[in-house]
Amino acid sequence: MKKIIKNGTIVTATDTYTADVLIENDKVQAIGQNISDIYAEVIDASGCYVMPGGIDPHTHMDMPFGGTVTSDDFETGSIAAAHGGTTTFIDFCLTEKGKSLKSALKKWHAKSKDKAAIDYAFHLQIVEANENILHELPEVIEKEGVTSFKVFMAYKDVLQADDETLFQTLITAREHGGLVMVHAENGDVINYLTEKALEEGRTEPINHALTRPPELEGEATGRAAKLTALADSQLYVVHVTCKEAVEQIAAARSKGFRVYGETCPQYLVLDQSYLEKPGFEGAKYVWSPPLRDRSNQEILWNALKSGELQTIGSDHCSFNFKGQKELGKGDFSKIPNGGPFVEDRFSILFSEGVKKGRISLNEFVNLVSTNAAKLFGLFPQKGTIAPGSDADIVLFDPNVERTISVNTHHMNVDYSALEGMQVTGEPVTVLSRGEYVIKNKHFVGAPGKGKYLKCSKFNHHTAAEAKKAEDLVK
Ligand code: URP
Ligand code: ZN
Ligand code: ZN
């Protein structure tokens, strides 16, 4: 099976140029001028950018949370992701206290097997760091290809771990080549503020944001960064939303610590006022950390541009408004936390970022694909277009204008948090390992075709190189 992509503009994290791409079976075979092969199918990419498939480092498919289960599973979520230009996603595998890491992974493999239409990998939650877990962790890295470990500093009595667990995970990760991820909010103080709000009869969705102020995200981010420095380890802060957290990451990085950060499209385009929509509609915008004051958006864009934040994750965690978000009517603390963004991550970043002059085309590719591949041990198999890389390629029309809506999206959820938003640019055709998943905007792939990816160990060198490359481009 051979394909040649012609007439497009190739865009990677470092280069923009015109050339043909020859694909043979699942790999990019060659890039050059006037490639011809009578056995190859020619794909005309006129007017399109030819980009590496997006890598979404943050999804929650088929995940039990908030008294219910996310509405997208590995099938519906991965098909929606593909429509949006994503060809790889990394999902969070939840663990249970008293149970082995391997039993959790077995559960997540069962959820995803024969379902995903694109490739995927797992991060693994660490909720306790007892002797058994610390013993199992290196084996999980070596044998299961899971090299990133998530510690929740919030969601008290549900997912939250203590600082000892975080510190021991950091030390073990350093010794064995893992990358520790944190949900950085101070869960104990949030718990106190939530109970107080409910006692005072403040039950509407806006109180979700008011009981989780940015100071608590900044405090937890700084604490995690300092513990990382003490452990001489590496940290990735998920869903960064505000000035307070960006400042902590920037301070750690300026001292040379291996601290990385992700933000999400929702924090770049929405703000706290959405939680005040009338008639419980604010519940559609309840996720954690919460939406912030609009002034934070420019701070996040600047951090993406300057390289203080390296990736864009969707934090896709979809719950229907009817029957799921409604669980929190009369008590904001019972609204399942999460929003649907896996399909729009790529387009929002392009439309709001590149088209509005906030980031360059190459920075866009870095943020939406390459940096995640480097941080999570998938590069250069994923995250670039180069001979030998997987042929995960998006033909992206940068000029088409469209309106995001629940009526046209492919996510299995009954609302869009971006309803009515005008964006420029859309993935037209998406290849996963050389095969069409999306052809002329239609899904032509199949559930189960996506492969589980084993991630390589965290590589200081690669991460440092990525930073150096970013600096050179600037
Ligand atoms: O509200 C959110 N973000 N839900 C998903 C779980 C998490 O905290 O990432
Ligand atoms: Zn989180
Ligand atoms: Zn999340």
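Atoms within each ligand, like the ligands themselves, are counted from 1 in listed order.
Close approach to Cys317 involves these atoms of ligand 1, each under 4.0 Å from a residue heavy atom: 4 (N), 5 (C). Close approach of ligand 1 to Asp315 (heavy-atom distance below 4.0 Å) involves ligand atoms 2 (C), 3 (N), 5 (C), 9 (O).
Between Phe443 and His410, the ring centre distance reaches or exceeds 6.0 Å. Between His208 and Tyr285, the ring center distance fails the sub-6.0 Å criterion. For His316 and Phe89, the distance between ring centers is not under 6.0 angstrom.
With respect to Asp73 and Lys111, no salt bridge is recorded, no charged nitrogen being found less than 4.0 Å from a carboxylate O. Comment: Arg358 engages Glu298 in a salt bridge, judged by a side-chain N to carboxylate O separation of less than 4.0 angstrom. In summary, Lys115 and Asp62 do not engage in a salt bridge, as defined by a charged side-chain N under 4.0 Å from a carboxylate O.
Screening the protein for N, O or S atoms under 2.8 Å from the Zn ion (ligand 3) yields 3; no waters enter the count.
Protein heavy atom nearest atom 1 (O) of ligand 1, with residue, atom name and distance: Ser288 N, 2.8 Å. The nearest heavy-atom contact from the protein to atom 7 (C) of ligand 1 is Tyr155 OH, 3.5 Å. The closest protein non-hydrogen atom to atom 9 (O) of ligand 1 is His60 NE2, 3.1 Å. Regarding atom 4 (N) of ligand 1, its nearest protein heavy-atom neighbour is Asn337 O, 3.1 Å.
Between Tyr120 and Met61 there is no side-chain heavy-atom pair separated by less than 4.5 Å.
Both the sub-6.0 Å distance and the 45° axial angle are not jointly satisfied by Lys325 relative to the ring of Phe319.
With hydrogens and angles left out, the side-chain atoms of Ser318 and Ser71 include a donor and acceptor closer than 3.5 Å.
Residue Trp287 has no nitrogen or oxygen atom sitting less than 3.5 Å from a nitrogen or oxygen atom of ligand 1, judged on distance alone.
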